[in-house]
2 protein chains.
Amino acid sequence: MDWSIQEVARLAGTTSRTLRHYALLGIVEPSRVGANGYRYYDEQSLVRLQRVLLLRELGLGLPAIAQVLERETDAPTALRAHLEWLRAEQGRLNRQIASVRSTIDTMEREGELMPENMFDGFDHTAYEAEVTERWGAEAYRSGDEWWSAKTAAEKKEWQDAQAGLAADWRAAAEAGLDPAGAEGQVLARRQYDWLASVPGTPRDASGGLAREYLLGLGELYVADERFAANYGGAPGAEFVRDALVAFAEASL
Amino acid sequence: MDWSIQEVARLAGTTSRTLRHYALLGIVEPSRVGANGYRYYDEQSLVRLQRVLLLRELGLGLPAIAQVLERETDAPTALRAHLEWLRAEQGRLNRQIASVRSTIDTMEREGELMPENMFDGFDHTAYEAEVTERWGAEAYRSGDEWWSAKTAAEKKEWQDAQAGLAADWRAAAEAGLDPAGAEGQVLARRQYDWLASVPGTPRDASGGLAREYLLGLGELYVADERFAANYGGAPGAEFVRDALVAFAEASL
DNA sequence: CTTGACCTTGACGTGGCGTCAACTTCTATC
DNA sequence: GATAGAAGTTGACGCCACGTCAAGGTCAAG
């Protein structure tokens with residue numbers, strides 16, 4: 001006693017296309033194939049199909065389902081692994097919803113929300129590649145959250161502080177001072193403290209700013225003309241880098 | 001002043017592949033293309049890219065983003081629509097997680113959880129195609145929830161009641177009684193009450209079981225040999241159907 | 001014999017890129 | 001100026017679970 005593909009599809013609440021797909025993947029094969037190529041299913045294959053559809057409704061992927069059916073894995077184990085992934089998705093979704101809502105709010109308060117100006121002192125997006133590459137996604141994300149959480153006014157205040165520091169760097173560089181000298185080291189410490197005030201920046205074991213991170217930023221200022229512009233161009237950026245290098249050697 | 005594709009990718013925290021993809025879709029085009037085919041981006045296109053990446057992080061699709069950039073839609077509107085979809089996804093995920101958990105529990109209590117036997121008196125999965133087609137997804141879902149929420153013991157009890165009714169139907173049919181007679185009508189009312197005890201079954205305006213639903217089930221019993229088997233095969237099923245028709249005409 | 005329902009295989013589309021592949025171009029070094 | 005290596009290009013497949021034509025063969029009923 002068997003049924004045609006269409007009958008099985010209607011009984012199981014699915015489509016004939018799906019049944020052919022499962023047959024192609026070897027997940028549920030027809031019990032019999034007529035000389036004309038027609039597929040016929042018996043009760044056993046129907047039960048198998050029911051199991052597949054059950055697991056599918058729970059969101060399991062077909063390869064995982066195939067494994068379960070082949071007894072390489074038992075269902076609860078597979079489902080528990082699946083549950084992990086579902087929870088991760090849930091977290092991601094919740095965060096994304098929060099982001100979208102706050103973005104809508106911000107846009108309505110401040111107009112079309114230009115993305116933060118790329119070179120506004122500390123742009124996390126621009127940093128992302130470098131930061132995540134060297135320090136992991138976690139560091140970038142917490143830094144970005146910190147920055148995103150600021151109000152526009154707070155951001156401006158922070159940027160102004162940054163602009164003041166940059167102006168001092170420029171002045172020192174243009175005065176032809178020694179990066180390793182007293183003035184340069186004072187500025188380097190201010191830069192260090194300034195960077196250290198940002199939560200999420202990479203730290204060393206004792207909680208201080210990671211040495212590599214500080215040096216990396218120095219190189220970045222030199223390598224990227226847009227950052228260099230903050231410090232009066234290439235010569236200024238080199239001055240900053242050299243001062244940071246000296247500072248790192250002397251104090252870290 | 002412009003940058004190569006690789007530089008832009010690193011600055012924006014994305015990849016050159018993505019930039020080419022966006023150029024292909026016309027979402028972010030390079031400001032200049034060299035005679036050698038190389039792409040170069042200026043600050044303006046960078047800003048545009050920033051906006052795109054911002055919206056992408058929020059989960060917007062590229063077509064939607066393109067619309068926003070072309071000013072056919074403003075960002076908050078697009079984001080609100082997107083938020084709807086995100087919430088729907090969230091609901092789906094939450095339900096799925098609940099299902100997975102309860103399935104794991106059930107499996108651990110009762111072994112590998114054969115999917116409910118397809119013909120165990122009232123299989124919702126087998127019904128799904130018909131039920132949703134005629135009565136909408138809502139009816140199916142609430143009926144299924146009701147069934148799924150039962151414990152194994154409750155299910156068995158319910159099935160036993162069903163089996164008793166079916167046995168009575170068989171006896172009546174085999175005795176050659178008149179479907180429209182007193183016996184048949186008593187059984188029809190029992191069947192009616194039994195079906196009406198299931199929350200989510202289709203109702204008419206006065207809250208009674210929908211006439212069409214009852215008649216549809218009668219036809220189903222006849223049309224499907226597996227259901228018919230419950231009532232003693234085709235003759236029994238026809239008896240049930242006829243009794244239900246008479247009952248509907250007399251009492252509904 | 002026709003009609004129409006049902007079956008077959010084959011192949012493209014979905015979303016947003018990742019990832020080769022095969023080839024050209026630029027840049028730096030010897 | 002030869003050469004290596006980094007960076008650029010286009011083209012095309014892969015992912016995931018099917019939906020959706022397309023083109024044509026099969027079967028039961030009238």
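The sequence lines fix the lettering, A, B, ..., with proteins before strands; numbering per chain opens at 1.
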Please report the distance, rounded to the nearest Å, between CG in A:Leu55 and C1' in D:dC16.
17 Å

Quick one: on DNA chain D, does B:Ile5 or A:Pro63 contact a more 5' nucleotide (nearest heavy atom)?
B:Ile5

Across the strands shown, which category fits B:Gly34 at heavy-atom distances under 4.0 angstrom: base, sugar-phosphate, nothing?
nothing

Per A:Tyr22 side chain, nearest of listed nucleotides D:dT10, C:dC6, D:dC18
D:dC18

Of the non-hydrogen atoms in A:Leu25 and A:Leu62, which two are nearest, and what is the gap between them?
CD1-CD1, 3.7 Å

From the candidates C:dC17, D:dG19, C:dC7, the one with an atom nearest any side-chain atom of A:Thr15 is D:dG19

Considering all heavy atoms of both residues, which atom of B:Thr15 and which atom of B:Ala9 are nearest to each other, and what is their separation?
C-CB, 3.7 Å

Considering only heavy side-chain atoms of B:Thr18, the closest of C:dG18, D:dA17, C:dA11 is C:dG18

Heavy atoms, side chains only, cut-off 4.5 Å: are B:Arg20 and B:Arg39 in contact?
yes

Expressed as a whole number of angstroms, how long is the span from B:Arg17:CZ to D:dT9:P?
12 Å

If we count only N and O atoms by modelled type, under 3.5 Å, do the side chains of A:Ser45 and A:Asp42 hold a donor and an acceptor together?
yes

Can you find a pair of side-chain heavy atoms, one from B:Gln90 and one from A:Asn94, that are under 4.5 Å apart?
yes

Return yes if the base of C:dT9 and the side-chain atoms of A:Arg20 contain a donor-acceptor N/O pair under 3.5 Å, otherwise no.
no

Nucleotide C:dC17, atom P - distance to CG of B:Leu60 in whole Å:
12 Å

Could you state the atom-to-atom distance from CH2 of B:Trp3 to C1' of D:dA7 in whole Å?
19 Å

Can you check whether any acceptor in the base of D:dG25 is under 3.5 Å from a donor in the side chain of A:Tyr38, or vice versa?
yes

Look at the side chain of B:Asn36 and decide which nucleotide, out of C:dC26, D:dT26, C:dC6, has an atom nearest to it.
C:dC26

Between atom CZ in A:Arg56 and atom P in D:dA17, what is the gap in whole Å?
6 Å

Whole angstrom value for the distance that separates C1' of C:dC26 from OH of B:Tyr40:
8 Å

For a quick test of reading the model: is some side-chain N or O of B:Gln6 closer than 4.0 Å to OP1 or OP2 of D:dG8?
yes

Do the side chain of A:Arg39 and the base of C:dT8 come within less than 3.5 angstrom through a donor-acceptor pair of N or O atoms?
no

Within the structure, does a side-chain N or O atom of B:Ser16 lie under 4.0 Å from either OP1 or OP2 of D:dA7?
no

Separation of atom NE2 in A:His21 from atom P in C:dG13, rounded to whole Å
18 Å

Can you tell me the distance, in whole Å, between the CD atom of B:Glu57 and the C1' atom of C:dG16?
15 Å

